[in-house]
Amino acid sequence: MKKIVLAYSGGLDTSVAIRWLSQKGFQVIAFLADVGQGEDFGPIRRRALACGASQVVIKDLRESFAREYILPALRAGAVYERKYLLATALSRPLIAKALGEAAVAHGARTVAHGCTGKGNDQVRLEVTLKILFPRLAVLAPLREWELKSRAEEIRYAARHKLPIAPPSQSRFSIDQNLWGVSIESGPLEDPWVEPPPEAYQWTKEPSRAPARPLLVTVDWLRGVPAGINGKRLSLTRLIERLNHLGSAHGIGRSDLIEDRLVGIKSREVYEAPAAHILHAAHQELEQLTLDREMLIFKEIVAGRYARLVYDGLWFTPLKAALDRWVDESQRRVSGRVRLKLYRGTLAAVGRGSPNALYRKALATYQGKDEFDQRWAGGFIALWGLPYAKP
Ligand code: ARG
């Protein structure tokens, strides 16, 4: 029998896909990437087997996800359309790479995924596979099969006695990992409707968060978060810890009408507490340690970087080149940022660095300073010269 390695999540689409592919005559190997979705893999493994997988392969990719994908995007300041911190998008090149490696290891010539034909993820996975494993064939059952809606998939699952998750949660399509949760579909498809409370998976409703603000400090070394509240932590642990603290204070929600790569506008709700806290802290420290020309250029790089990630162009020359620029830009970005978390709001309230470009002796309004105010008149005359009437 022909082997196929399917990127399996345990959700409705890919559970149905296992059965559908077996009926097409494939021996299905379910490949599960652990990118920190924090789920119990026991039931997911059993579900895959019950749906007809011949074996289940689970790979722990958390460390590599944090260090090689999340970190470069954080240092680059990558945020898509002002609100999306790219949790799903960042995981895709890594999952595609691991999926291709699994196919090679198991002697399969074909891989499959559970992305729809309307989304970004199919592009991210397949472009990455094409770059890294040009000889692998790719199947996308959701683009081919006759099941036209989630409701039809649920009926298919019932007909084939597939043990899928309860339909209450199946209303939403949820993708989660260490960097955040993406939630769409169901009631969220009406852009006028406020997300119902049960749409949110991690974060506390801000009005129910503690009435006392929480202060958190984040330490940075050359643009890498190294510890919180004075304690050194590995990147993965640090992100987990901030997700936990942020969630309790209702931090990190966003609700976005976003532009998909395939031309559709869609509504997606996100939760990314650690990502919001780290981006805010990082930007604050850059503001203290980088000169204004660097800051202006960094914004351009950040925007381009976010697009590359969103558009599935991770393993490309431009991305590699931007990484080198970002790395260079982070040499001075060390220090500490103090943030206040309070009922869904996040504010940096203090920042310090041995590389600070802020000089009190220049900025002060109190008494003796180093700034000779007599220089200002000449500067203004030259600055305004091009616009002065003759
Ligand atoms: N819109 C996001 C992206 O394109 C997330 C896609 C997956 N979302 C989901 N709810 N399953 O990166």
All N/O donor-acceptor pairs, side-chain side in residues 373-382, below 3.5 Å, sequence neighbours left out:
{"unit_1": "R374", "atom_1": "NE", "unit_2": "D372", "atom_2": "OD1", "d": "3.1"}
{"unit_1": "R374", "atom_1": "NH2", "unit_2": "D372", "atom_2": "OD2", "d": "2.8"}

Using atom types as modelled, flag every donor-acceptor pair under 3.5 Å from a side chain in residues 100-111 to any protein atom, sequence neighbours excluded.
{"unit_1": "H106", "atom_1": "ND1", "unit_2": "A102", "atom_2": "O", "d": "3.0"}

Side chains of residues 132-142: which donor-acceptor partners sit under 3.5 Å, not counting sequence neighbours?
none

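In this structure, a donor-acceptor pair under 3.5 Å is present between the side chains of T88 and D175. Remark: the R62 side chain and the T236 side chain contain no N/O donor-acceptor pair separated by less than 3.5 Å.
Screening R222, E286, R75 for a side chain to side chain donor-acceptor pair (under 3.5 Å) involving Q330 leaves a single residue, E286.
Figure legend: R124 and Y310 shown as a cation-pi pair, the cationic atom lying under 6.0 angstrom from the six-membered ring centre and within 45 degrees of its axis. In this structure, R253 satisfies the cation-pi test against Y200, with its NZ or CZ atom closer than 6.0 Å to the six-membered ring centre and inside 45 degrees of the ring normal.
The two residues L125 and C115 make their nearest non-hydrogen contact at CD1-SG, 3.5 Å. Of all the heavy atoms in L341 and G246, the pair that sits closest is CD2-CA, 4.1 Å.
Note: W314 and Y305 have perpendicular aromatic rings, judged against thresholds of 30 and 60 degrees for the angle between ring planes.
Applying the ring-ring contact (aromatic ring centres under 6.0 Å, His included) criterion to W179, with sequence neighbours excluded, gives no partner residue. Applying the salt bridge (Lys or Arg N to Asp or Glu O under 4.0 Å) criterion to R67, with sequence neighbours excluded, gives E63. With sequence neighbours excluded, the residues satisfying side-chain contact (heavy atoms from CB on, under 4.5 Å) with P43 are D40, R46.
For the pair R359 and E370, the salt-bridge criterion is met [side-chain N within less than 4.0 Å of a carboxylate O]. Under 4.0 Å is where a charged nitrogen must lie from a carboxylate oxygen, and between R47 and E39 no such pair does.
Side-chain atoms of E271 come within 3.5 Å of backbone N or O of W202 as a donor-acceptor pair.
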